[in-house]
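The sequence lines fix the lettering, A, B, ..., with proteins before strands; numbering per chain opens at 1.
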Number of protein chains: 2
Amino acid sequence: MATPLHISISKKLRHQIESGVYTSGDRLPSEHQLMETYNVSRITARQAMANLVSQGLAIAYRGKGVFVTPQKKVTYSLSSPLVFLEQDMARQGVAFSFESLTFESICAPAEVAVALEISADTPVYLQRKLLRMDGAAGAVDVSYLIAELGQRFAPQLERQMTFPTLAQNGVPIEHVDAMVECTHADYDLSDHLEVPLGHALMVYRYTAYSCDRQPVLHGATISRADRFCYSLSMRAGE
Amino acid sequence: MATPLHISISKKLRHQIESGVYTSGDRLPSEHQLMETYNVSRITARQAMANLVSQGLAIAYRGKGVFVTPQKKVTYSLSSPLVFLEQDMARQGVAFSFESLTFESICAPAEVAVALEISADTPVYLQRKLLRMDGAAGAVDVSYLIAELGQRFAPQLERQMTFPTLAQNGVPIEHVDAMVECTHADYDLSDHLEVPLGHALMVYRYTAYSCDRQPVLHGATISRADRFCYSLSMRAGE
DNA sequence: CGCTTCAACTTGTTATGACAAGTGAGTTTA
DNA sequence: TAAACTCACTTGTCATAACAAGTTGAAGCG
């Protein structure tokens, strides 16, 4: 046979997932079961599972088993330029909750200083937020705000460093530049986001500008690619 | 040691890539070399390489070796709503070329019929395009056009089914809905796009509407996530 | 009843060994 | 000279084996 065994096995499993034999969150056969069912070695059974995990169709948990990835994706609209975590996504059938991980005042790192058009030693507020979806970690947001602009209402920022909070305190956002790209989870990040190594991630980088075209806020939202997609609606006209 | 051997090896290689020991397109040490260097079995060396491939940092070629992925990403702007492959990306330091793979007239598949708001048996033009970047396959575009709208200039469409072509022939596009998500290469697709199994892909789905809010064109661009990112620039104001 | 312990399960890591298959350079052959 | 072949090297596939480590439920103990 031309196609490798582990490919044909993972194809069969993939088909079973897509045809509803195994659905969202179901446990797939264990490696030992696959060995008996298809009469292959553990290496082959393991490789077949690795294919599914690599394709984002399944997640493996040591000691528990391999489970079908919850395939429902949450759509985030890029058309209304709000910072990611502020979106009202409750009506998409997933329970969201925010968690402020850290809030501190630091000197701007080089990359951030460039984006905010400030010198590298200017103080900025750094906030890390965690977005939970049905309890599980779904996205991490890291954002930097020029500290001078938020000094007067820092306690409020600590709770929620969002566009409305800024606007209410005299720092309205008029313009947002953003970029969407795809990366992969490395070993360090997998601790925070609870995703396996090599798992695909979407990165949403943004820089928000005030009315006078001065950059105010810069940050990135790193989300699980299997749980998020981005939508937009544009009018033609250059 | 708490961290597995294959992790520490791939971390070391990753660091060497990031610090410039190996740069874009360089060949990484062979599995046998890793076995001798780190005194590990081939399984461990192989796993370390698999980590890098899984993270998109390297690509393996049978018989040749493992090479550092060309890390330069091409930015596609979502702000000017043109169909993906029409963009002028020549100035980003990559040589682009288009290739029309197929052009045929078929009955609209179910999913397409829904998007184009037509019945499932309405004829549509189906075009597949391949975008080459420096010779290598970078993206595949599959688009469907309501056949009735393009009958008069079908030969021209076959060469380039693009927004300007449509506009020149009295079918201007005024509005585009789009969505960006991330998937993974499956075994079938890897043939066409020349990417390894499990490789991350960006999918850009779009539906273009004419002035009277009628859907005209629907399609998707599937691109290598390690070569593409999407940018946008939005004005605030709901 | 509640807690602890343990055994049976799971996936993760790693070693050794073998053959298949693609690549490329050098050598042989026509 | 040019084509064909061989050989060394590469990654891909697959088997057997063992131990580590996380999970879970059942059995036993206080």
*Asks:* Want to settle it: does B:Arg62 or A:Thr44 sit nearer the 5' end of DNA chain D, counting the closest nucleotide to each?
*Replies:* B:Arg62
*Asks:* Determine, using ring centers only, whether A:Tyr76 and A:Tyr204 are less than 6.0 Å apart.
*Replies:* yes
*Asks:* Run through A:Leu13, A:Ile59, A:Leu28 and flag the one making a side-chain contact (heavy atoms from CB on, under 4.5 Å) with A:Val68.
*Replies:* A:Leu28
*Asks:* Starting at NE2 of B:His6 and ending at P of C:dG12, how long is that distance when rounded to a whole Å?
*Replies:* 9 Å
*Asks:* For A:Arg46 and D:dT16, give me the distance from atom CZ to atom C1', rounded to whole Å.
*Replies:* 15 Å
*Asks:* With a 4.5 Å heavy-atom cut-off, do B:Phe228 and A:Cys182 have their side chains touching?
*Replies:* no
*Asks:* Kindly say if A:Ser41 contacts the phosphate of D:dT16, meaning a side-chain N or O under 4.0 Å from OP1 or OP2.
*Replies:* no
*Asks:* What is the separation between atom CD on B:Glu31 and atom P on C:dG17, rounded to the nearest whole Å?
*Replies:* 17 Å
*Asks:* Expressed as a whole number of angstroms, how long is the span from B:Met35:CE to C:dA18:P?
*Replies:* 13 Å
*Asks:* Between C:dT11 atom P and A:Ile43 atom CD1, what is the distance in whole Å?
*Replies:* 15 Å
*Asks:* To the nearest Å, how far apart are A:Arg42 CZ and C:dA15 P?
*Replies:* 15 Å
*Asks:* Roughly how far, to the nearest 0.5 Å, is OH of B:Tyr22 from CZ of B:Arg27?
*Replies:* 10.0 Å
*Asks:* Between A:Ile7 (CD1) and C:dA20 (P), how many Å, whole number?
*Replies:* 20 Å
*Asks:* What is the separation between atom CD on A:Glu36 and atom P on D:dT16, rounded to the nearest whole Å?
*Replies:* 13 Å
